[in-house]
There are 2 protein chains.
Amino acid sequence: MSTTGGRSPVMSDVAKVAGVSHQTVSRVVNGHPNVREETVVRVRRAIAELGYHPNSTARALVTRRTNVLGALTVDTTLFGPAQTLSGIERAAREAGYFLSIVSVDDPSPDGVAEALDHLVQQTVEGCVAIAPQRELVHALADLPGPRPLVAVEGGEGAGFPVVGVDQEQGARDAVRHLLGLGHRTVHHVAGRTDWLEAEARVHGWREELLGSGREVPTPLAGDWSPRSGHELGRRLAERQAMGEEVTAVFVANDQMAVGVLKALHEAGLGVPGDVSVVGFDDIPEAAYLTPGLTTVVQDFTRVGAAALEVLLGALETPDRTDVPADRTVPAVLRVRDSSAPPPA
Amino acid sequence: MSTTGGRSPVMSDVAKVAGVSHQTVSRVVNGHPNVREETVVRVRRAIAELGYHPNSTARALVTRRTNVLGALTVDTTLFGPAQTLSGIERAAREAGYFLSIVSVDDPSPDGVAEALDHLVQQTVEGCVAIAPQRELVHALADLPGPRPLVAVEGGEGAGFPVVGVDQEQGARDAVRHLLGLGHRTVHHVAGRTDWLEAEARVHGWREELLGSGREVPTPLAGDWSPRSGHELGRRLAERQAMGEEVTAVFVANDQMAVGVLKALHEAGLGVPGDVSVVGFDDIPEAAYLTPGLTTVVQDFTRVGAAALEVLLGALETPDRTDVPADRTVPAVLRVRDSSAPPPA
DNA sequence: AGCAACAGTGTTAACGCTCACATCGCACGC
DNA sequence: GCGTGCGATGTGAGCGTTAACACTGTTGCT
């Protein structure tokens with residue numbers, strides 16, 4: 001058993017044991033051709049004997065490639081971001097990259113600047129930003145930071161490619177489904193107004209109603225939380241009590257839909273008997289709520305993978321100056337029990 | 001405006017502009033004392049002018065410190081791991097570390113080995129592993145991998161410190177609460193049997209029942225999903241229909257509780273009128289289910305922060321050979337509407 | 001006055017790797 | 001039989017930083 005005197009073995013230690021030069025060891029490690037088979041075997045044996053493993057820092061210094069990608073994300077308590085991050089991570093690892101994450105609690109320029117700085121310090125080769133808030137996207141666009149950068153759910157035209165689910169189409173599908181069941185119009189419980197997704201869903205909902213010549217009720221804006229859904233569900237029940245016709249509600253995410261369901265139940269309104277409810281996201285609980293929630297499925301994992309694909313594409317052609325094309329993943333309506341024709 | 005001819009500026013570029021040696025620049029960058037105030041200003045100005053920022057790779061090579069910590073996690077779709085990771089991330093950043101994550105889909109030795117290898121390749125200085133499965137903990141203990149290592153929710157005695165919520169105490173509190181309401185015994189819908197948390201909760205549940213001299217029903221094991229909760233909730237309803245007394249159920253997590261709630265509702269059993277249900281986790285939806293779910297709160301963020309604290313402690317004293325003490329965060333019962341006295 | 005101490009700065013040598021190039025032997029062609 | 005080319009290997013330089021030490025000038029003490 002050879003030893004390296006306590007310190008972890010380096011290339012030249014392996015070289016000595018194998019009786020070759022350090023450069024030959026490097027060739028073997030990196031799978032270069034033009035090394036005699038027998039030499040490869042000898043080097044491999046020496047590597048195993050010493051428990052050598054290459055120092056990625058030294059390699060990075062000379063190759064100028066860290067093999068690290070950054071991921072900037074918002075609050076990972078939310079279903080979407082957490083899932084997306086997971087998709088990004090998997091794709092990054094498969095592509096041989098390491099992933100360094102930083103989550104930003106505060107979407108203000110200061111908070112984002114700090115997060116970006118963290119990534120720049122680490123010399124990431126590129127970055128995916130889960131940027132659902134308008135303010136965050138602007139900060140991203142204005143601030144210096146790692147490049148190339150791909151945004152997830154970030155709206156377009158900010159100078160970097162954007163990958164996301166087609167929110168507007170999803171919203172239209174939800175509304176069309178409800179109108180198709182015979183509802184005269186569809187109310188809307190929206191997400192946080194500073195989120196681009198919330199805006200896109202409002203827009204799709206409104207357009208679809210207008211396109212069918214329906215009345216557009218005032219949307220109610222929540223903050224994505226079940227708590228706010230509950231509060232707004234109560235307001236909806238009040239509208240109903242005031243004589244307004246409330247037979248269908250499109251809720252901007254499933255978590256709020258949970259609260260809406262509770263509020264309607266508390267107000268003595270049956271779902272879907274009196275009011276139909278459609279959510280957005282398809283959280284794992286959706287099918288097992290009472291009633292099973294009709295919702296719009298977003299394939300977050302696929303979004304994450306697509307974002308990484310775009311990033312890798314940008315990485316391969318570093319000299320291009322144009323912004324790579326955006327990528328959109330379709331949203332799919334999944335009908336369950338919470339939507340039905342309006343009461344007669 | 002000075003230029004560095006396209007390539008990004010390095011220390012000696014700054015030195016040239018400031019009219020000092022690169023070493024003085026290094027001293028300024030690292031905040032060494034014994035640099036004249038005026039020199040500091042000159043160097044700072046040169047840094048700003050060139051947009052210099054130190055190359056972390058080169059620094060890491062010479063200092064042998066990468067400032068990167070690893071985080072190994074399971075499926076981040078689950079509420080707990082996602083939250084914990086978020087706590088770890090925040091704490092790492094505050095301590096000035098970068099965090100590289102790798103999620104392992106497959107808790108077998110092969111899958112874990114690959115994930116650990118990923119971290120070792122990156123020369124992380126330490127690692128937090130969210131390791132709720134028994135198999136994963138064993139793989140972690142047996143395999144070579146980054147050290148020091150701290151496990152979250154990993155059971156003890158595996159050769160590394162473990163940080164987690166006191167599952168058993170949480171389970172006992174839940175059972176005690178139900179017994180206190182007057183239930184004769186408490187049924188249990190358990191989590192995946194290969195998860196240590198599931199095991200601990202089963203244990204706490206059983207011990208508390210035995211301690212009060214109650215009958216211990218056969219637990220039903222699910223897989224944490226709402227789907228399995230629904231399935232097992234049906235089985236519970238069947239037990240009830242067969243004449244068995246089922247007035248209280250302790251469900252090992254809130255997601256399954258959602259399914260149980262649905263199944264009981266479908267079977268015509270009222271909650272809490274006929275059956276009381278208590279969950280575990282306190283997911284954001286819990287308060288807004290119908291009825292609001294009594295559950296056991298786990299402060300995952302605090303667990304993550306505690307894990308990082310232990311890791312940093314181990315990092316500061318690299319020569320200690322003993323395993324740092326485990327850390328346990330208490331679980332707290334939160335009573336809502338799904339638990340009440342048994343039917344008369 | 002003379003010498004030690006110290007603040008402020010520069011010089012040089014690593015860190016562990018890859019790249020570019022040099023070297024050597026051998027098969028091949030005419 | 002000797003250049004040509006190529007496969008297989010070694011040598012040296014350099015990536016950008018910090019650590020160690022050397023140097024200079026000033027201060028303070030005897």
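Lettering of chains follows the sequences in order, A, B, ..., and the numbering in each one begins at 1.
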Which nucleotide sits closest to the side chain of [X]: [options]?
{"X": "His22(A)", "options": "dA13(C), dG12(D), dG16(D)", "value": "dG12(D)"}
{"X": "Arg64(B)", "options": "dG16(C), dG16(D), dT12(C)", "value": "dG16(C)"}
{"X": "Thr24(A)", "options": "dT9(D), dT18(C), dT17(D)", "value": "dT9(D)"}
{"X": "Ser21(A)", "options": "dG10(D), dG16(D), dG8(C)", "value": "dG10(D)"}
{"X": "Gln23(B)", "options": "dG16(C), dA20(D), dT18(C)", "value": "dA20(D)"}
{"X": "Arg27(B)", "options": "dT18(C), dA13(C), dT9(C)", "value": "dT9(C)"}
{"X": "Val20(B)", "options": "dG10(C), dG14(D), dT11(D)", "value": "dG10(C)"}
{"X": "Thr63(A)", "options": "dT18(C), dG10(D), dT17(D)", "value": "dT18(C)"}
{"X": "Val35(B)", "options": "dT17(D), dT9(C), dG16(D)", "value": "dT9(C)"}
{"X": "Asn34(A)", "options": "dG16(D), dG7(D), dC17(C)", "value": "dG7(D)"}

Rounded to whole angstroms, how far apart are [atom1] on [X] and [atom2] on [N]?
{"X": "Asn55(A)", "N": "dT17(D)", "atom1": "CG", "atom2": "C1'", "result": "14 Å"}
{"X": "Glu38(A)", "N": "dT9(D)", "atom1": "CD", "atom2": "C1'", "result": "13 Å"}
{"X": "Arg59(A)", "N": "dC19(C)", "atom1": "CZ", "atom2": "C1'", "result": "14 Å"}
{"X": "Met11(A)", "N": "dC15(D)", "atom1": "CE", "atom2": "P", "result": "19 Å"}
{"X": "Arg65(A)", "N": "dC15(D)", "atom1": "CZ", "atom2": "C1'", "result": "16 Å"}
{"X": "Asn67(B)", "N": "dT17(D)", "atom1": "CG", "atom2": "C1'", "result": "14 Å"}
{"X": "Asp13(A)", "N": "dC17(C)", "atom1": "CG", "atom2": "C1'", "result": "13 Å"}
{"X": "His32(A)", "N": "dA20(C)", "atom1": "NE2", "atom2": "P", "result": "10 Å"}

Item to complete: Could you pick out which residue, Val62(A) or Asn30(B), lies toward the 5' side of DNA chain D when each is mapped onto its nearest nucleotide?
Response: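 Upstream on the strand: Val62(A).
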
Worksheet item: Quick one: on DNA chain C, does Leu61(B) or Gly19(B) contact a more 5' nucleotide (nearest heavy atom)?
Response: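 Nearer the 5' end of the strand: Gly19(B).
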
Describe the nucleic acid contact of [X] in one word from base, sugar-phosphate, nothing, applying a heavy-atom distance below 4.0 Å.
{"X": "Ser56(B)", "value": "nothing"}
{"X": "Thr57(B)", "value": "nothing"}
{"X": "Pro33(B)", "value": "nothing"}

Worksheet item: Can you check side chain to side chain donor-acceptor pair (under 3.5 Å) on Ser56(B) and Gln121(A), steps first, answer last?
Response: CA-CA 7 Å; Ser56(B) 58; Gln121(A) 270 182 41; over 6 Å; no

Discussion item. Side-chain N or O of Ser26(B) versus OP1/OP2 of dT18(D): is the shortest distance under 4.0 Å?
Written reply: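 Yes, Ser26(B) has a side-chain N/O under 4.0 Å of OP1/OP2 on dT18(D).
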
Worksheet item: Between dT9(C) and Arg36(B), is there an OP1 or OP2 to side-chain N/O distance shorter than 4.0 Å?
Response: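 Yes.
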
Worksheet item: Judged by atom type as modelled, is there a donor-acceptor pair below 3.5 Å linking the side chain of Thr66(A) to the main-chain atoms of Thr123(A)?
Response: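 Checked: pair present.
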
Worksheet item: Taking it one step at a time, do Ser108(B) and Asp106(B) satisfy side chain to side chain donor-acceptor pair (under 3.5 Å)?
Response: CA-CA 6 Å; Ser108(B) 76; Asp106(B) 160 20; 2.9 Å; yes

Fill in: Glu38(B)/Arg42(B) ion pair, N-O < 4.0 Å
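So Glu38(B) pairs with Arg42(B) through a salt bridge.
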
Discussion item. Whether Arg45(A) and Glu49(A) form a salt bridge (side-chain N of Lys/Arg under 4.0 Å from carboxylate O of Asp/Glu) is what I want to check.
Written reply: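 No, Glu49(A) and Arg45(A) are not salt-bridged.
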
Item to complete: Have a look at Tyr52(B) and tell me which of Asp13(B), Val43(B), Val14(B) forms a side-chain contact (heavy atoms from CB on, under 4.5 Å) with it.
Response: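 For Tyr52(B), the side-chain contact (heavy atoms from CB on, under 4.5 Å) check succeeds only for Val14(B).
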
